[in-house]
Amino acid sequence: MKDIPPRYNPKDHEESIYSKWENSGLFHQETDSSKKPFTVAIPPPNITGILHMGHALNNTLQDILIRWKRMQGNASLWVPGTDHAGIATQNVVERSLREKGVTRQMLGREKFVDEVWKWREEYGNTIIMQLKRLGASCDWERTRFTMDKGLSEAVLEAFVRLYDKGLIYRGNYIINWCTRCQTALSDEEAPHKDVEGKLYYILYPFKESAEGVVVATTRPETMLGDVAVAVNPKDRRYKKLIGKKLILPIIGKEIEIIADDFVDKKFGTGAVKVTPAHDSNDFEMSKRHGLEPVKIMRPDGKMNENSVRFNGLDRFEARRLIVAELEEKKLLVKIEKHEHAVGHCYRCNTVIEPYLSLQWFVKMKPLAEPAIEAVKSGKIKFYPKRWTKVYLNWMENIKDWCISRQIWWGHRLPVYYCKKCDAVIVSKIKPDKCASCNSGDIYQDEDVLDTWFSSWLWPFSTLGWPEKTKDLEYFYPTSVLVTAPEILFFWVARMIMSGEEFIKEIPFSDVYIHGTVRDASGKKMSKSFGNVIDPLDIIDGFGADALRFSIVSITATGQDVFLSKDKFEIGRNFANKIWNASRFVLMNVGAQEHKSTRAQVKDLSIADRWILSRLNRTIEEATRALKNYRFNEAEGLIYDFFWHDFCDWYVEMVKPQITGERIGDGAQRAEEILIDVLENSLKLLHPFMPFVTEAIWQNIKERESIMVAVWPEADKHYIDKKIESDMEIAKDIIVNIRNIRSDMNIPHSKKIIVNLVPLKQGAGSVLADSMGYVKNLAQLDEIAIKDAGFKKPKSSLSAITENFNIFIPLEGVIDVEAEKARLAKKQDLLKQQLVFAERKLKDRNFMDHAPENVVKAEQEKAAKIREQIDRLGTTMKDL
RNA sequence: GGGCGGUUGGCGCAGCCUGGUUAGCGCGCCACGUUGACAUCGUGGAGGUCACUGGUUCGAGUCCAGUACCGCCCACCA
């Protein structure tokens, strides 16, 4: 047979195997009416992204499903692609321009966008290349990008349809404003973080007297934009003050005390300053009371002309100075420490400013209804199902979605305005003239859409929508979405809404949500923490299969994953084990043609029947686990079977037949079964460890790829509980004998004799078939089953199992007298230890003063020593 | 404020959905081993009152209720 090195070196195989796969076209999937489709749309990574462990986990799981289904004979399609990631990408390109001393404003919109495209040509496919190293079997011919022509078309179509339905509107509202990115953000893009802040109590004096009302605020600088002070109408303290006038400090403006139910009597002083342009509650209040908002800040976070002498100062600097000024004027009553949640930009972590601004929104309630129903009715299922509640809770409290962004990289809103009459025209293409006044002076809205406005169309836009394509017809809805919990609201929920809205059909029936990848201490892996384990380093050092296997092995359904580098040794070692077990099989039996016809069950040995039972049980259970997205369970079952059943036991059992004398026709059958079990194991392993299984497969069958081998089906009549438990009896005896050998230091080369006395009716005949294996694996000279009257021979050790009493005469095997002496010496030593321990336990001083647990430990120690002494005593008597 | 997850040998985790042999796995530890697949290995061993309290049950690591600690997510009390 071929020369197979005794170590699996991933570097020798991965690259060539992957390019073979790519060239073979096996990743590509066309519509095929003879097959059932299985479709997965990749969560498109950002073009700025580089592969991290989260991606590695996410894509490994998808690849497992895709490869498994492909082997099961489905038309298995994995649609890959990338996301243009508006703000993130714009930031990255701006940063690299800045290094050359260029700002985007210097370039102007058009040139800047050109720069971004150039950047994306150069770096935007990095992550795609990295996915290939992981072994991802995506249909690369179908790679999509959210800014592609087709997908952009889908975005415009979606916008126009929603607008025509009245589900998109424009308006002045308080939105989340990032002063660094200088754009509006959706609520999801401005996650709240707990911050240790301060609560400032400020006196607003009455118009007529130095007395006044104290208000509490966390953002004192916003007082410059105050238009009122509000109290709860039921608050006795303030009831009679309602309608009175106050003088707004610093500004000197007159403001009124108003009454509003929103105000919480118990918080702060029960009086709240009203700043409609910089707080959403205040904005709502101002609408109720007909108050005009006053903006005091510019988009860059600096104070504006309404801020009198603070004009031009940064908001936090202004805060500091205003507090100082209030203190000086004795208007600052007190400052309290105050922990509260503050929004932060999800891209740059800048503190979000609630900001009054004219933006575009999607009305979400009508879209949410069918999406809620889809999950409630069970049409869409979450795995694990606890996410259902999280999803429903969010959907039922959904708020309108701010979709306009004040950046340049992205899909420009298909909205046009007439310069002459201010008419708003929403259209996929620029209209020639205004529909209402016929003017040709028309310009397009400057804003672009939220990145997620294109991603939410992903499951169908990638299949050609809005065109009615064959692909869409055949592959949609997709089968399962595999994703991380972080983007449940951003993406998963919105895709369900868009699917229902635009296709009238759910985008996927299953949502598998895996855990977050964290480091060993539980922190999220991120570049800024410096705790990143680079998947490519792991692939270089351990191999892609090792990375895949290990990351799945430590992923219980939906649990977070705690990673450290040494975990990848599990996968590397296993890949090597697979390689070497295969090497053994191929070197010994590979030369002959594998016959698929199996011998009749009755002709098989007990070992053969046992391994076939275990194999078929494993096939059955692993397949069921995969069906339920229990990846680590499936993998664990296959691992245990392959390593602990096949390698540890079966291979060892048949070794003498294979490598030795080849007695009888058992050898031939064992060879057939060896290769059969090996092939089936490789198939089971392939979705998890594609490279090593393919490398071995190519050694067995030169042409065909294991990718398209048929996934094994469990043949139930091989599954035999009786055989399995019979084998356990034999294994138990072997382990007990080995145990005695180990205890007595009997070398492997020393053959011994064993007598078995059955303890149960029929135990002897059950064992009859496996006597040979016991003899062989326990290195025995002779093994005999004796009857119940059998007398324990002199100088022998015994062990009791459930079914047998095992006697091993040791006369002539070891020097009995010397062994007795050795054990006696050991016993003496223990006895001495016991004396010390007991002395301690009788020591008044110790017993009275030592802590309870120490005393207990001491007692346990003594008990253990006593037990050991007894055991040695029995052994010595037996000898 | 609401919701969710975790707590199992020295360490990292399965097992809980579907209650029932002796609670598994990997690492680490101890002893032995170069028996022609594999030292990225083999054989054997030590090590666990399954966080706590109560309940359901013939039987609970597994189901129910509560407590404690750790972690995550959501939320406009300024």
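Quantities reported herein were computed from a predicted structural model and do not represent experimental measurements.
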Does [X] put a side-chain nitrogen or oxygen below 4.0 Å from OP1 or OP2 of [N]?
X	N	answer
A:Lys577	B:rU40	no
A:Arg7	B:rU40	yes
A:His338	B:rA78	yes
A:Trp643	B:rG42	yes
A:Asn397	B:rA75	no
A:His644	B:rG26	yes

Output field dot_bracket for RNA chain B (Watson-Crick or G-U, both distances under 3.5 Å, | for other-strand pairs) contains (((((((..((((......[...)))).(((((.......))))).....(((((..]....))))))))))))....
Among the candidates [options], find the nucleotide nearest to the side-chain atoms of [X].
X	options	result
A:Lys389	B:rA37, B:rA39, B:rC4	B:rC4
A:His748	B:rU43, B:rU35, B:rC38	B:rU35
A:Tyr639	B:rG44, B:rA37, B:rC25	B:rC25
A:Asp648	B:rU43, B:rA78, B:rC25	B:rU43
A:Asp264	B:rA75, B:rC4, B:rA78	B:rA78
A:Glu802	B:rG45, B:rA37, B:rU22	B:rU22
A:Arg386	B:rA78, B:rG5, B:rC17	B:rG5
A:His192	B:rA75, B:rG5, B:rU40	B:rA75
A:Asn739	B:rG12, B:rG45, B:rC4	B:rG45

Roughly how many Å is it from [atom1] in [X] to [atom2] in [N], rounded to a whole number?
X	N	atom1	atom2	answer
A:Glu652	B:rU43	CD	C1'	11 Å
A:Asp645	B:rC25	CG	C1'	14 Å
A:Asp187	B:rC76	CG	P	7 Å
A:Glu339	B:rG1	CD	P	12 Å
A:Asn232	B:rC77	CG	C1'	12 Å
A:His514	B:rG5	NE2	P	18 Å
A:Ile740	B:rU43	CD1	P	18 Å
A:Ile729	B:rU22	CD1	P	16 Å

Taking only residues two or more places apart in sequence or in another chain, which ones pass side-chain hydrogen bond (donor to acceptor under 3.5 Å, both in side chains) with [X]?
X	value
A:Asn573	none
A:Arg319	A:Glu221
A:Tyr773	A:Ser605
A:Thr875	none

Could you give the distance separating [M] and [N] at their [atom1] atoms, to the nearest angstrom?
N	M	atom1	result
B:rA75	B:rA68	C1'	26 Å
B:rC25	B:rG45	P	11 Å
B:rA14	B:rU7	C1'	15 Å
B:rC64	B:rC69	P	23 Å
B:rU49	B:rC17	P	24 Å
B:rG28	B:rC16	P	27 Å
B:rC27	B:rG2	P	45 Å
B:rG44	B:rU62	C1'	31 Å

Base [N] paired with [X] side chain (donor-acceptor, <3.5 Å):
X	N	value
A:Arg630	B:rC17	yes
A:Glu635	B:rA14	no
A:Arg738	B:rU43	no

Assuming nearest nucleotide by heavy-atom distance, tell me which of A:His340 and A:Arg572 is located more 5' along RNA chain B.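 The 5'-side residue here is A:Arg572.
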Between A:Glu569 and A:Ser742, which has a closest nucleotide on RNA chain B that is more 5'? A:Glu569
Quiz question: by atom type and distance under 3.5 Å, do the side chains of A:Asp510 and A:Tyr629 form a donor-acceptor pair?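 A pair is found: one side chain offers a donor N or O, the other an acceptor, under 3.5 Å apart.
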Using a heavy-atom cut-off of under 4.0 Å over every strand shown, decide if [X] touches base, sugar-phosphate, or nothing.
X	result
A:Gln779	nothing
A:Val215	nothing
A:Lys399	sugar-phosphate

Sole residue of A:Ile398, A:Val390, A:Asn397 in side chain to side chain contact (heavy atoms under 4.5 Å, CB included) with A:Trp394: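 Going through A:Ile398, A:Val390, A:Asn397 one by one, the side chain to side chain contact (heavy atoms under 4.5 Å, CB included) with A:Trp394 is satisfied by A:Ile398 alone.
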Lys NZ or Arg CZ of A:Lys655 over A:Phe584 ring: under 6.0 Å, within 45°: yes
Quick one: are A:Trp649 and A:Ile611 in side-chain contact, heavy atoms under 4.5 Å? no
Contact between A:Phe646 and A:Leu674 at the side-chain level, heavy atoms closer than 4.5 Å - yes or no? yes
Partners passing ring pair (Phe, Tyr, Trp, His ring centres under 6.0 Å) against A:Phe691 (at least two apart in sequence or in another chain):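 With neighbours one apart ignored, the set is A:Trp21.
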Test your reading of the model: is there a side-chain donor-acceptor pair from A:Asp282 to the backbone of A:Pro276, 3.5 Å cut-off? no
